[in-house]
Amino acid sequence: MLGMETSPTELRLEREAFEQLIGAQAHAADLKTALFACLSGRESRRWTTGELFDRLNNLGVHCSKPAIVGALGELELEIALCPFLPWSLAETGTEWSLVPKSELLTLLSGVRKLPGICADTLSDEHKAVLLVVIGYRHKGGVSKTRISDILKLDPAPLLEELSKRELVYIAPGKELYWWRPTPEALLALGLRSYSDIPELKALERYFESEKSFQSHEEKDANLEPVFAKARVRHDRRLPRELKRRASVPRGLEPATSPEEE
């Protein structure tokens with residue numbers, strides 16, 4: 001019947017069936033095909049052997065690092081001998097990447113650029129506001145008043161600047177202004193996915209338990225380590241992530257996963 005919601009039991013059964021399907025396909029997957037899917041996919045065109053090992057094994061394609069290195073060597077030769085593929089597979093330092101075979105093919109593939117999003121263009125205040133907005137993503141967004149209560153600052157100009165950079169947006173259909181993060185918000189903090197942000201879990205625990213704090217000083221003392229961790233992870237991972245995301249052709253940016261909506 002139209003409009004009828006799927007029950008939790010039906011959702012669980014569908015998820016279990018899908019996981020079984022993926023498990024069966026992973027068990028029968030050809031290693032070179034799986035590697036080429038990673039290299040040509042929407043996540044990145046640059047991968048280390050360790051990253052490929054983690055990606056494949058996390059999805060059930062069980063293999064060793066030596067097997068991956070051997071398969072990459074075979075792929076390098078096979079891609080070079082295939083006249084219609086626009087790339088060569090190149091090993092540079094610790095990374096393997098697909099590189100266009102000519103300048104013309106580079107232009108045709110339209111490598112995505114990321115102007116304006118770098119470690120030097122976001123202040124600590126911008127990052128703090130952005131992290132709060134991300135932390136409230138499961139609650140449908142967060143208001144300027146709530147951000148002000150948490151950070152003890154006026155978030156209006158910061159939100160306006162973050163909006164111009166397409167890192168946050170106003171939730172549609174809300175009577176009040178509720179701010180939500182865009183997928184690029186993670187990139188601005190040097191992060192890849194919400195599951196990679198342990199400080200978000202700490203932030204969300206803070207939101208749930210803040211009623212038990214007796215004073216503003218106690219609240220600030222519990223919140224500061226969260227932002228400190230975010231700053232450390234940002235400084236460590238942003239250069240690497242910028243290179244990875246910049247290797248994805250325009251129009252093939254990572255799609256938003258259900259947990260990121």
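The model shown is predicted, which means the values in this text are computed figures rather than measured ones.
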Heavy-atom closest pair, residues C82 and K101: O-NZ, 3.1 Å
Separation of L162 CG from E160 CD (nearest 0.5 Å): 10.5 Å
Min side-chain heavy-atom separation P86-P100 under 4.5 Å: no
For A71 against L35, the heavy-atom pair lying closest together: CB-CD1, 3.5 Å
Side chain to side chain contact (heavy atoms under 4.5 Å, CB included) evaluation trace for L72 with L52: CA-CA 11 Å; L72 286 169; L52 289 168; 4.1 Å; yes
Least distance between heavy atoms, G141 atom then R180 atom: CA-CG, 4.0 Å
Test log, rule side chain to side chain contact (heavy atoms under 4.5 Å, CB included), inputs L98 and I79: CA-CA 10 Å; L98 291 174; I79 291 174; 4.1 Å; yes
Distance, nearest 0.5 Å, that separates CD1 of I68 from CZ of R55: 12.5 Å
Shared hydrophobic cluster, L131 / Y169 (ILVMFWY, side-chain heavy atoms < 4.5 Å): no
Close side-chain approach of R146 and I150, heavy atoms under 4.5 Å: yes
Flag side-chain contact, heavy atom, 4.5 Å: H126 against E161: yes
Where W96 and L39 come nearest, the two heavy atoms and their spacing: O-CD2, 3.8 Å
Same apolar cluster (I L V M F W Y, side chains within < 4.5 Å links), Y177/Y136: yes
Transitive ILVMFWY side-chain link L89 to V99, under 4.5 Å: no
Greater than 12 external heavy atoms within 6.0 Å of K144's NZ: no
Sidechain-backbone polar pair: N57 side chain, C63 backbone, donor-acceptor under 3.5 Å: yes
Interatomic spacing from CG in L151 to CD in E125 - rounded to 0.5 Å: 9.5 Å
Value rounded to 0.5 Å, distance of CD in E91 from CD in E76: 7.0 Å
Side chain to side chain contact (heavy atoms under 4.5 Å, CB included) evaluation trace for E16 with L13: CA-CA 5 Å; E16 291 176 353; L13 292 175; 4.0 Å; yes
Interatomic distance, D149 atom CG to S143 atom OG [nearest 0.5 angstrom]: 7.5 Å
Sub-4.5 Å side-chain heavy-atom contact between V129 and L153: yes
Heavy-atom donor-acceptor pair, T182 side chain to E166 backbone, under 3.5 Å: yes
Distance-minimising heavy-atom pair for A26 and L59: CB-O, 3.4 Å
hydrophobic_cluster_shared for L81 and F84, side chain cutoff 4.5 Å: no
Single-linkage hydrophobic cluster I170~L159, side-chain heavy atoms < 4.5 angstrom: yes
Closest non-hydrogen atom pair, V133 against W179: CG1-O, 3.7 Å
